[in-house]
Amino acid sequence: MNILDGGEGGGQLVRTALALSAVTGEPFRMRHVRRARANPGLQAQHCAAIEAVAAVCNAETGGVEVGSESFTFEPNEDIDEDADPADQGVLGGSVSVEVGTAGSVPLVFDALLPVAVALDESFTARLEGGTDAKWAPPFDYFRRVKLPVLQEHGLDADVTLNRRGFYPRGGGKATLTVEPSTLDAFDVTERGERESLTAYSVAEESESEDDVAERQAEPAPDAADVETEYVEADCSGSALVLAAEYEHSTAGFAELGEMGVEPETVGENAVERFEAFEDGDAAVDEYLADQLLPFVALAGGEVRAPEVTSHVETCIDLLAEFGYDVTVEDEGDTVLLSA
Ligand SMILES: Nc1ncnc2c1ncn2[C@@H]1O[C@H](COP(=O)(O)OP(=O)(O)OP(=O)(O)O)[C@@H](O)[C@H]1O
C-alpha cells in the first residue's frame, strides 16, 4: 500500500491520490490530511470525492469521516496490476453524492475526471452541493475553461447544470458523464491568437433588482461578449468567469460575488487577472496549471504556466509517489511543466 503524506497540501492532494489510485489500481493510505489547514482533516467535500471515486472503481475505504486525518482507499481488487493502466478494468456505472451545503461540486468532478483513462464503461455522477463555492473553480470555469481544454485532448466527458448552488446554502445540482477516453499528449506551450473573450456573469434572481450580473460584467473589455443570467437558488450569490479562448488554449479568470463587495469590483478583479495573463507568455492560467497536472502525468507532454504555485508543487510530489514524474523548468516569467 502506498503511504502518502497529505500534510503539505490541501484537498487537492486527496483528489489527485483518489484519481491516480483508481487509474493505477494501487491502494493508498493518506496520513496528515490537510494538516496545515485551519480545519485539518477531511471535510465534507473531500468525503464526497472519496465516496464518488470509490463508487466508480469499487473501492473499499476506511477512516472516511469529517475531521479524519488518515484514511485508506483500496480500489477494486479484481484489477490486474500487470495490465496496462488503460486496460485495468476500472468499472463505470452511476453514483449520486451529496457534497453537503456549499461543498464544491466542481472539485468532486475534478477527482473523477482522470479516471476516464481507465474506464471500461461510462459513468455518471450526480452531485448536489455548491456549484459556485469559495476557494474552488466556479461552475462556469469548470464548464467553459477546464472541460474544453481536456476535451481538446481526448477526454470524452460532458457536464449538465441542473441548478446553481451558492455559498453558504449550496443546494446546486450538476451531472457529469464520462466515457472511456484515450488522452492525447499535451502540447500547450503557446496560447496563440485570442479567438474569443466571454464574460459569463450569473446571479441569484433576487439580485436582478440591483443589476448584479450586468454590473459584474461591466468592467469586461469591449472585445468581450457578455452573457448574463439570473437563476433560482437556495440563497443569494453571484459569480463571474471571464473565459479567453486562444488558438491553442483556453484560460479563465473567475471571481465570486461577496457581501460588501461591489459587483463592479468583482468584474475589475477578473479583468486585472486577465490583463496580467495577456501581458505574460503562459498558455494556461495559474489554476488550470495545477488542475491539468494529473492529466499531463497520464498523457505526457508540456504545458507552459505562469508560475509554480504551492498547489503545483505539492501535486507534483504526490504524482511522483504513484510513479509519474513531472518536471518543472523555470523560464523566468513562466514555467514549463513536462512529463
Ligand atoms: N478562482 C479559481 N478559479 C479556478 N480554480 C480555482 C480557483 N480557486 C481555486 N481553484 C482551484 O481549486 C482547487 C483548490 O484546491 P485546495 O486543495 O486548495 O482545495 P480544497 O479541497 O478546498 O482544500 P483545502 O481547504 O485544503 O485548501 C485548486 O485545484 C485550484 O486550482
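When a ligand or atom number is given, it counts from 1 through the structure's own listing order.
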Chemist: Mind checking who shares a hydrophobic cluster with Y167, ILVMFWY linked at side-chain heavy-atom distances under 4.5 Å?
Modeler: none
Chemist: Can the ring centroids of F295 and H153 be said to lie less than 6.0 angstrom from one another?
Modeler: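 So the answer is no for these two rings.
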Chemist: Are the ring centres of F253 and Y287 closer than 6.0 Å?
Modeler: no
Chemist: Answer yes or no for R191 and F277: cation-pi contact, defined as NZ/CZ to six-membered ring centre under 6.0 Å and angle to ring axis within 45°.
Modeler: yes
Chemist: May I ask you to establish whether R29 and F71 are in a cation-pi arrangement, using a distance under 6.0 Å from NZ or CZ to the six-membered ring centre and at most 45° from the ring axis?
Modeler: no
Chemist: Residues around ligand 1, heavy atom under 4.0 Å from any ligand atom, sorted by chain and number. Can you pull those?
Modeler: G10, G11, Q12, R15, R34, R37, Q45, H46, L107, W135, A136, P137, Y141, A254, Y287, D290, Q291, H311
Chemist: Any side-chain heavy-atom pair from L161 and R143 closer than 4.5 angstrom?
Modeler: yes
